[in-house]
There are 2 protein chains.
Amino acid sequence: MKTERQIEIIEVALELISEKGIQGLTIKNLSKKIGITEPAIYRHYDSKTDILIAILDSFSKNTQQIFNNELNNSDSAIEKIEHLFTKHFAAFSAKPSLVSVIFSEEIFRNEPVLIEKISEVIRRNDNMLISILTSGQENNELRTDISAQHLSTIVMGTLRLFVKKSRFLESSKSLPEEGKLLVESIKRIIIKE
Amino acid sequence: MKTERQIEIIEVALELISEKGIQGLTIKNLSKKIGITEPAIYRHYDSKTDILIAILDSFSKNTQQIFNNELNNSDSAIEKIEHLFTKHFAAFSAKPSLVSVIFSEEIFRNEPVLIEKISEVIRRNDNMLISILTSGQENNELRTDISAQHLSTIVMGTLRLFVKKSRFLESSKSLPEEGKLLVESIKRIIIKE
DNA sequence: TGGAAGTTAGTTAGTATTCACTAACTTTGT
DNA sequence: ACAAAGTTAGTGAATACTAACTAACTTCCA
């Protein structure tokens, strides 16, 4: 279990990465933003790498939970995909730093242990989305002229770029509002006519 | 114009970022990999930030050229999109470090001048792709039940995630080979029935 | 044409600053 | 009273960058 301070540390670390990139995440910046001294950080995590690992584990848990909820309910595939988008948009609205870092795996390139963790998360999420799409094809809900693998890349790629764009280009509408429209387009694209 | 050494520096810098992330790009690593001493780097670029700016400018020129070639020829929109993908796959095969960093804007978060440059590149490429798609819709080539803005996010998002996946998950087929199949799926999705 | 002057691209040695992290001590809450 | 969570003061290593010097070319012109 994580203590309050541990949770605060990974949340603030996430904010720092979101604002200044991975180079902005230093123990000094982290402690200053929290309001304690540098050595105090080490009462809660043994090393900086351990903090990054905790961030990735938190991602991993979060996304796995989202996918599991969708896999184990009785909704149609279309509804599952819709929830997937909606939940990501809600999470991004609530905590912009989180989702914007989730989709930036290149940030965690410098430590082999982090690359391994990231690769596993990508692989697992990909497989879960593919299994949702495959069962949608089997139910005659989704188009079958395109493989579930390709549909997965299209759906997830669209979601990711949409979120990233919203970080770099500001829009008049809110993210969930504009996202809702995009989901309609995605549904129209994958549905069986 | 860039000297040979300047080109070498940005190429090696790109390799370092690709291998170890932005934190792997240090003047020491850079000079060691090139085979000169650290101060020699400063004969060719005034600062590390200038090297990053040069990388982004090179991206900017490259992608603008690709888009311009496509905009100003007489191909159909479908063919233009197909070329867009093919050229990216070819570039990635030839120099994996380049394309994998192009699509990782979060790497350049720490300097405001870099964020500004990145945002401009994203915005410009987005507009060019939208104009290709819009003219395809006007020619009755592409489906019109989905806005060119959404089609653009779908097409570019798919391309980007596909390239990123190929970096983290290894596949049996080659990138251009597997990419060709993906392009067929994308075409099937955006074409007017 | 040959030597002086300047340029280019490198070197060695060193700067101040920042980095992650530690030892030893103090405060705080139960 | 004791453990958890903080502090001050410091470590060595790494960071971007600079100063001063040099070898090897190029340019220029008497």
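Each chain gets a letter, A, B and so on, in the order its sequence line appears, and its residues count up from 1.
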Open item on the list: For the NZ atom of B:K95 and the CG atom of B:L14, what is their distance to the nearest 0.5 Å?
Closed with: 7.5 Å
Open item on the list: Rounded to the nearest 0.5 Å, what separates atom CD1 in B:I118 from atom CD in B:E105?
Closed with: 5.0 Å
Whole angstrom value for the distance that separates [atom2] of [N] from [atom1] of [X]:
X	N	atom1	atom2	value
A:E38	D:dT11	CD	P	15 Å
A:Q6	D:dA4	CD	C1'	12 Å
B:D46	C:dA9	CG	P	14 Å
B:N110	C:dT18	CG	C1'	14 Å
A:L30	C:dT18	CG	P	17 Å
A:L52	C:dA20	CG	P	10 Å
B:Y45	D:dA16	OH	P	16 Å
B:E4	C:dT8	CD	C1'	14 Å

Open item on the list: When you compare the side chain of A:L114 with that of A:I107, does any pair of heavy atoms fall below 4.5 Å?
Closed with: no
Open item on the list: Applying a 4.0 Å non-hydrogen cut-off, can you work out what B:L25 is touching in the nucleic acid: base, sugar-phosphate, or nothing?
Closed with: sugar-phosphate
TODO: Identify whether any heavy atom of B:I51 sits under 4.0 Å from a base atom; if not, whether one sits that close to sugar-phosphate; answer base, sugar-phosphate or nothing.
DONE: nothing
Open item on the list: Between the side chains of A:E141 and A:K192, is the shortest nitrogen-to-carboxylate-oxygen separation below 4.0 Å, so that they form an ion pair?
Closed with: no
Given [options], identify the nucleotide with an atom nearest to the side chain of [X].
X	options	value
B:A40	C:dA20, C:dT11, C:dA23	C:dT11
A:K28	C:dA20, C:dT11, C:dC19	C:dC19
B:K48	D:dC17, C:dC21, D:dG6	D:dC17
B:Y42	C:dC19, D:dA16, C:dT11	D:dA16

Residue pair [X] / [Y], side-chain donor-acceptor N/O under 3.5 Å:
X	Y	answer
B:K165	A:T153	yes
B:E79	B:S76	yes
B:S152	B:D126	yes
A:S104	B:R109	no

Verify the contact: side-chain N or O of [X] to OP1 or OP2 of [N], cut-off strictly under 4.0 Å; return yes or no.
X	N	value
B:H44	C:dG10	yes
B:R5	C:dT8	no
A:T37	D:dT7	yes

- [ ] Do nucleotides 25-30 of chain C as a string where each nucleotide becomes B, S or -: B if the base has a protein heavy atom under 4.0 Å, S if just the sugar-phosphate does, - if no protein is that close.
- [x] B-----
TODO: Check DNA chain C for consecutive Watson-Crick or G-U pairs with both distances under 3.5 Å and list the runs of at least three as stems.
DONE: C:1-30 with D:1-30
TODO: Nearest-nucleotide wise, let me know which of A:Q23 and A:P39 is further upstream toward the 5' end of DNA chain C.
DONE: A:Q23
Task: Residue met sooner reading DNA chain C from 5', once B:I36 and A:N29 are mapped to nucleotides - done: B:I36
TODO: Answer with yes or no after comparing the ring centroid distance for B:F85 and B:F162 against a 6.0 Å cut-off, counting only values under it.
DONE: no
Task: Heavy-atom closest contact (A:H44 atom, A:Q6 atom, distance) - done: O-NE2, 3.0 Å
